[in-house]
Protein chains: 2
Amino acid sequence: MSTAGLRTRDAILERAVDLASAEGLEGLTIGRLAAEMEMSKSGLFRHFGAKEELQLATVDAAARRFVEGVVAPALEREPGRPRLDALCELYLDHLESQVFAGGCFWGATAHEFDDRPGAVRDAIRDAVAAWLALLTEESRNAGAPDPEQFAFELQALAQGANLRYRLFGEEKAFVLARTAIARRLAAAGSGDRA
Amino acid sequence: MSTAGLRTRDAILERAVDLASAEGLEGLTIGRLAAEMEMSKSGLFRHFGAKEELQLATVDAAARRFVEGVVAPALEREPGRPRLDALCELYLDHLESQVFAGGCFWGATAHEFDDRPGAVRDAIRDAVAAWLALLTEESRNAGAPDPEQFAFELQALAQGANLRYRLFGEEKAFVLARTAIARRLAAAGSGDRA
DNA sequence: CCTACCGATCGGTAGG
DNA sequence: CCTACCGATCGGTAGG
């Protein structure tokens, strides 16, 4: 494929991630995406060959965006507490930022596909699993007594804030999450059970 | 409308709640619902008159089911700690039970409609808000130092377990949530910050 | 409740 | 990359 073709494909996928974050991966229709890109349906379709390939490529693009915005910057900090702090802060910032329209991508698509076996669900599952594994590993490195429990709570509190923010527009949702998470991080540092 | 008509309508809505829990309120199509009820599309359609009315009636039926299974039984316990314990236990049981196919209804539909202004989103929002208000009120009655914070955490941890269970099939998700919630309930009882 | 239909849109294909 | 299609399905209507 030509470089121009690849650039077009990347541009399509950027738009697809934002659209799927709002409308879901089924609501992401080829006709609508083509209209927004100002190209023909078939022109866009030929970049992927099937709806499912578009969905898989969109999941992949969303994962790359998440790694770029959250994971990679946190990995620049030393392992243990500084990195865990950075992961939590960057994750909450990522969810909170209006600029980043993909904030709800994982929450939205995970709920949409959790009952639909197939390659798309597997891709979503793998991406979420990798994130939870990273959170667990850094919780362990930071000295949390039960890293898996700790990672579960961090993830649940952040996603809980995200849903409240999206559904009610309550900006205090992230205050609630930050308060809860700060308390657990402090307890982990002091050796208490969080 | 005749009693038979009402019975048919209720039967349709029971099926609609289960279908929407799995496929979302947009995936809940009139044609598919009619096929599952073994009636014609137009016969089913006439019970509601518009897709949005079907969606609103489905949200209402899901709310009634949730009140029946979780809220009403908990309200039989005395206010304060016993009622808060019952709310948490019944909520987690409700999410965990495979029998109750509507377990994911609120998680699924809230994410689906959080970006779609309209009557359906408002109905979902009202139902979730009523549940959060009840959790907050009983957290206050149970002596939690910050009832709103407490209710937020309970809700987030339960929904976090639900998503992990649905996406990964991990039964331990509810063990993680029960552990986290028990710790907070214990701290609330002792007057500590949870 | 039914059959028979409407225009719009879906994913996808043919041919250029 | 395009125009011009395909059959299937969508929400909804006419008429009984």
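Just so we're clear, the structure is a prediction, and the values are computed from it rather than from any experiment. Letters go in sequence order (proteins before strands), and every chain restarts at 1.
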Atom CD of B:Glu171 with >12 non-hydrogen neighbours under 6.0 angstrom: no
Could you tell me how far apart [X] ([atom1]) and [N] ([atom2]) are, to the nearest whole angstrom?
X       : N      : atom1 : atom2 : answer
A:Leu54 : C:dC10 : CG    : C1'   : 14 Å
A:Glu26 : C:dT9  : CD    : P     : 18 Å
B:Phe45 : D:dA14 : CZ    : C1'   : 13 Å
B:Lys51 : D:dG12 : NZ    : C1'   : 12 Å
A:Leu25 : C:dC10 : CG    : P     : 16 Å
B:His47 : D:dG11 : NE2   : P     : 16 Å
A:Leu28 : C:dC10 : CG    : P     : 11 Å
A:Leu44 : C:dG12 : CG    : P     : 12 Å

With the threshold set at 4.0 Å, does a side-chain nitrogen-carboxylate oxygen contact exist between [X] and [Y]?
X        : Y        : result
B:Glu78  : B:Arg83  : no
A:Glu112 : A:Arg121 : no
A:Lys51  : A:Glu26  : yes
A:Glu14  : A:Arg9   : no

Shortest side-chain distance from A:Arg46, nucleotide among D:dC10, D:dC1, D:dT13: D:dC1
Sub-4.0 Å heavy-atom contacts from residues 33-43 of chain A onto DNA chain D, ordered by number: A:Met39, A:Ser40, A:Ser42, A:Gly43
Pairwise 5' ranking along DNA chain C for A:Thr29 and A:Gly49, keeping only the more 5' one: A:Thr29
Ranges pairing with ranges for DNA chain D, where each run has three or more Watson-Crick or G-U pairs under 3.5 Å: C:1-16 with D:1-16
From CA spacing to verdict: side-chain contact (heavy atoms from CB on, under 4.5 Å), B:Phe105, B:Val59: CA-CA 9 Å; B:Phe105 183 88; B:Val59 171; 4.3 Å; yes
Flag side-chain contact, heavy atom, 4.5 Å: A:Leu56 against A:Glu53: yes
Separation of A:Phe48 CZ from A:Ile30 CD1 (nearest 0.5 Å): 9.0 Å
Steps toward side-chain contact (heavy atoms from CB on, under 4.5 Å) verdict (A:Glu153, A:Ile181): CA-CA 8 Å; A:Glu153 297 188 23; A:Ile181 289 174; over 6 Å; no
